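Everything below concerns the one structure shown next.
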Amino acid sequence: MSKKKRHGHSDTLREVPNLPERPTRFPLKAAGFAFGAMLTAAVFFFYAGAVRPELIHFNQQPVFFADPSFLAERLHLPGGFLDFIAAFLTELFRWGWLGSLVLTGLGLTVCLLLFRLMRPGRLWAAAVLPALLLVAAQARADHLVVKTLSLILGLEAFILFRDFAPGHRAARFGLAAAALIPVYWLSPGACLLFAALAVIHAPADSGMKIPARLAFAAGIAAAAAFIPWAAGRWFYLVSERNAFLRHSAFWRTDVFQAEPAPGFPWDAAAVLCVLALTAVFAVVKGAGENGRPRTGRPSLHAAQAAALVPLLLAAGMAAVDRDEREYLAVRLAAREGDWKQVTGRMTGPAAGSPIGLCHINRALWHSGRLGSDFFSLPANFLGTGLFPDRDSRFQAPLDCSDLFNDLGHVNEAKRWAFEALTLHGESADVLKRLAETHLASGQDSAAARFLDRLRLNPFARRWADRRRALLSGSGAGDGESAAAARLRETAGRLPEQDFVVDSRNPVNDMERLAKAAPDNRMAVDYLLMSNLIDRDLRAFTRNLVRFRPNLPDPLPALYEEGLIAALSAARTGDPAAASIPVRRTTLDRFADFERILKAHGIRNAEAAADLGRGHAATYWYYLLYGKRAG
Amino acid sequence: MKRFDRRALKPAGLLSLGLIVACAALREAAPRPGDAAPAGRRPRISPDYADVVMPPNIAPLNFRVLEPCDRAVLTLEPENGSGMEVKSGDGAFRIPIKAWRSLLGRNRGRLITYRVRVKNRGRWIAYAPFANRVSEEPIDSRLAYRLINPAFSLWTVMGLYQRDLGTFEEKPILLNRMTQDNCMNCHHFRSNDPEYVMLHLRGGKGSGTLIRTPAGIRKVDTSTDFNKAGSYPAWHPDGGLIAFSANSLTMFFHSRGESRDVLDSKSDIVVFDIERNRVTSPPGLSDPDRMETFPCWSPDGRTLYFCAADRLDRYVGERDGREDLFWETIRYDLMRIAFDPAAGAWGRPETVLSAARAGGSVTEPRVSPDGRFLMFTLADYGNFPVYLESADLHLLDLRTGAAKRLECSGRGTDSFHSWSSGGGWFVFTSKRMDGLLGRPFFSRVDSAGAASKPFVLPQENPAFYDTFLKTYNAPELAGGEIRVDPRDWARAAHAGPALKAVADPSLKSRSAGGGGAESPDLYHKAKR
């Protein structure tokens, strides 16, 4: 067989007999390019619009430093170099369009490699199908870029081997076994894929006799098993699973303490599809043989194109978990302080999760609506919502840190940032929060440590430099003074007296924070709202009286409703509470509420329904029909 | 073909010669380190390696000058032999290891003077020199420690490492990525002997205590009906026994300063017999009315030192009209109990240094190898000094009974000390560099009990500590390399279930209704 033939670049009309005449070829090719370009553009817009790589970035919190010691640390693991590259690429996801470009580029690369691998000829859709599955896999917020890189590496390595390895079978085997070593170094998952493809191809390799083909396959399988075993035994300090399966699509627990990710395993499906189709093409056409050129009846191509479009749509729709996207979008907007974006999503699925609800309520506070709109959100009727529960805190520690940082509970913000450091590693967001909290609490030396580390991340260097300037007192720009003002504000809220943090019931901490700094409006509001949620009207009126000078005039509607409830239930005999003015409209609302209640009686379902129509967002309604927390 | 004309070379040659002469003249005219103007003060350097005493077998104390500079020159001038010059383009001096060794070897007991000159904006400045003394006594060659992120409730990546103190080589002893991400610590040697080493793994299938002797590694579960699994260890000098504390620790958090704090709600000391796989505890070490912890054998193995405080409910009282735990008043006394290794007989516990006399809570006692001194940590309260800013190192002269704060301590949290087998050197963890991350510092105690100025573990990159966010935890000095492949530890951890220790028949079961059960209530009281 000539080299030209082996490489599969000889799809000319002269070599393949009985094909349609020359004039039909050009339009087909052009149409193919056009379809490919359209498909690529569709994938790009799918990522940019529906997937939003910035959400993947937010979810994965990549750790990347342009530092030799960081790279050296990675190289202590098999596939560490690819991890380094993947960390860099994932950092690009912070810009949605760039992330979409990267993801599309990776998908396109896989697709082109599959064409080279399978040489599907007129059945070209077969090569696009696994790429579509990969596009779906990459849509998941927990899909690691390194797995795609590993797939690309495995495919490319095998194609190079297949096309350029010498024909002599001993030399061919030696080269395959030798090639597995650098491929393994780059990625154990790629090594497995390379070996699997080599084993699949071997039986169909017409260049060897059948016993030789079987011996070749067995030898490659043995080498693919031996290399990870030997690497784990002599070179790398990793567990056996890690030595064999790192980056593999079939191993889904790369992340510490992560449960195997729920949902359909798109990446594993993509790899299985690659293997299956490669086997089919190898058997049908013979390994190393040329595929048929892209000719044939236009209807066949049209049918394939027509089948792929709905498949792409179906895969995209199935792969994107909309609830998860919403949840991540709310969290990201909250991290960036985009409260309008958060409140705009308050009726969406994010409110169903404790962390999402907590951010929505944060956003309500920042928009000045917490004291009026809190109960307009049905999720808040569960009696939680201001603070995430214990499990949620450990699942999203940095979000928890965001909240406590807002509240001026700096040590708690610091604590949860450290938990995030453990969970996510030294990601830019984590280091920023650690630097901020240490700056706010006057621990400048520790803050400098985090800022110096952050400077090694090229994507966060500017931010770190600005904060470093604050430390040295040389900050001059607008950005610096705003950051300094924020820090001064947070530092000013620190309690003078130490107290033991009540992790189980943050309301107690709010009371202490509010006492320490009555101008800490957020702590005061969260305290009062917590009293209302807990139905502790005595504590509510006590605190309302205490912090009245720091509250706006008139009071937020829910505070007035709480006060009316406390006074009407005679739960307070405090004359100071009775003297707090309440708006006429609130009193009228209460009169209407009482009228409906008296008409039906409290226990009556009709009362609940009637009140629910006009008073569902009032505190009185929550008091009667809301769930009791715990 | 055109013939090559040699005359063409002449102008080129002349031009080159002229350039060379001009360069040489410029170089001669440029300011040189020798012409440096005196700065009239010492240079600011990081890490602070000025005026320290160095062991003769330590790696180069690389440092960087914190002065503006385009170039810098360090001249080391020893009292004996020729000196050396180290140049730097950015002010970071990396001293060649071979020349450094030879320099220290020739100057045991002598001074080495450091002269730093820097070039800034074309001018050379000479800073006032400083000197370091080379000790006669070497330090143990290896340092074992755990590297971990500043830990709160979660943990992920951690590992036990050993560092060759004569070079910059760091080798893993065991990494938790090899043992399913479990927690690991309480590594300990028998009298600094790397042949006898133990460590503790917590969480997952690999849980247990791994004890390595020349006979091999065995995994044991030291918990019995009487006690929880052992934590703080003390290996008897004879090798057959390990005393452990069995603690019930709870973490809580503060709103200001160091956030983390730990409360021990119940603890006893048990003694594990390695050969018989048996746990025992004399009444003096497991008194129900006391919380005993931090065991430490004297070098002759005839005395066990430990710390003890009254049981937790003694600290409960009324605060702000409510029942509360006065955690800030829990203080530990330094105790000891006599032991007859031949008969296995125990004496009665006695107080060596009461908390009242010490002026704080005494923890982490460590007796020097010659038995002369006992070093301990003194903090305002509690038994977890690594989280207490008030924690300092103190030295008790066991001959005179006099205790004092060590001169090297007092800046930030100092704790987790370990003696070198020679007795003069010791290592401790200090957070003095940033108040957050523990770094190993070395100091030397002379025969009068005076400690030299401490210096941080040297690193090849002088700026290493600026960006390294892991904390060095529980540093222990060892006389040599631990020659156990990390994979062997991992295999032993996962070889099967741990060998369950058996409680001595004389011990009554405490598994039902033990003190540990009361801790949550008290803990929540503390939180109010």
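Naming: A, B, ... by sequence-line order, numbering from 1 per chain. No experiment lies behind these values; they were computed from the predicted model shown.
Here OG of S259(B) is found 9.0 Å from CG of D498(A). Values are rounded to the nearest 0.5 Å. For the atom pair R233(A) CZ and D485(B) CG, the distance stands at 7.0 Å (nearest 0.5 Å). Put simply, OG on S153(B) and CZ on R393(A) are 10.5 Å apart, with the number rounded to the nearest 0.5 Å. With values rounded to the nearest 0.5 angstrom, S239(A) atom OG is found 7.5 Å from Q180(B) atom CD. T467(B) OG1 to R449(A) CZ: the interatomic distance, rounded to the nearest 0.5 Å, is 8.5 Å. A distance of 14.0 Å separates OH of Y236(A) from CE of M178(B), quoted to the nearest 0.5 Å.
Neither the backbone nor the side chain of R455(A) comes within less than 4.5 Å of any heavy atom in chain B. R491(B) touches chain A through its side chain: at least one heavy atom from C-beta onward sits under 4.5 Å away, while N, CA, C and O do not. If you measure heavy-atom distances from Q497(A) to chain B, the contacts under 4.5 Å come from the backbone alone. In this structure, chain A has no heavy atom under 4.5 Å from any part of M158(B). Looking at L454(A), there are no atoms closer than 4.5 Å to chain B (heavy atoms on both sides), in backbone or side chain. Contact of L451(A) with chain B is not made at all, since no heavy-atom distance falls under 4.5 Å.
S255(B) places a side-chain N or O within donor-acceptor distance of the main-chain N or O of F499(A), the cut-off being under 3.5 Å.
Contacts between residues 411-421 of chain A and chain B, counted as heavy-atom pairs separated by less than 4.5 Å, involve N411(A), E412(A), K414(A), R415(A), F418(A), E419(A), L421(A). Near-neighbour residues of residues 60-80 of chain A relative to chain B, defined by a heavy atom under 4.5 Å from a heavy atom of that chain, comprise H76(A), L77(A).
For CD of E67(B), the number of neighbouring non-hydrogen atoms (other residues, nucleotides, ligands) closer than 6.0 Å is greater than 12. Counting non-hydrogen atoms of other residues, nucleotides and ligands closer than 6.0 Å to CZ of R462(A) gives a total of 12 or fewer.
The candidate with the highest count of non-hydrogen atom pairs below 4.5 Å against chain A, out of I148(B), L436(B), L437(B), is L436(B).
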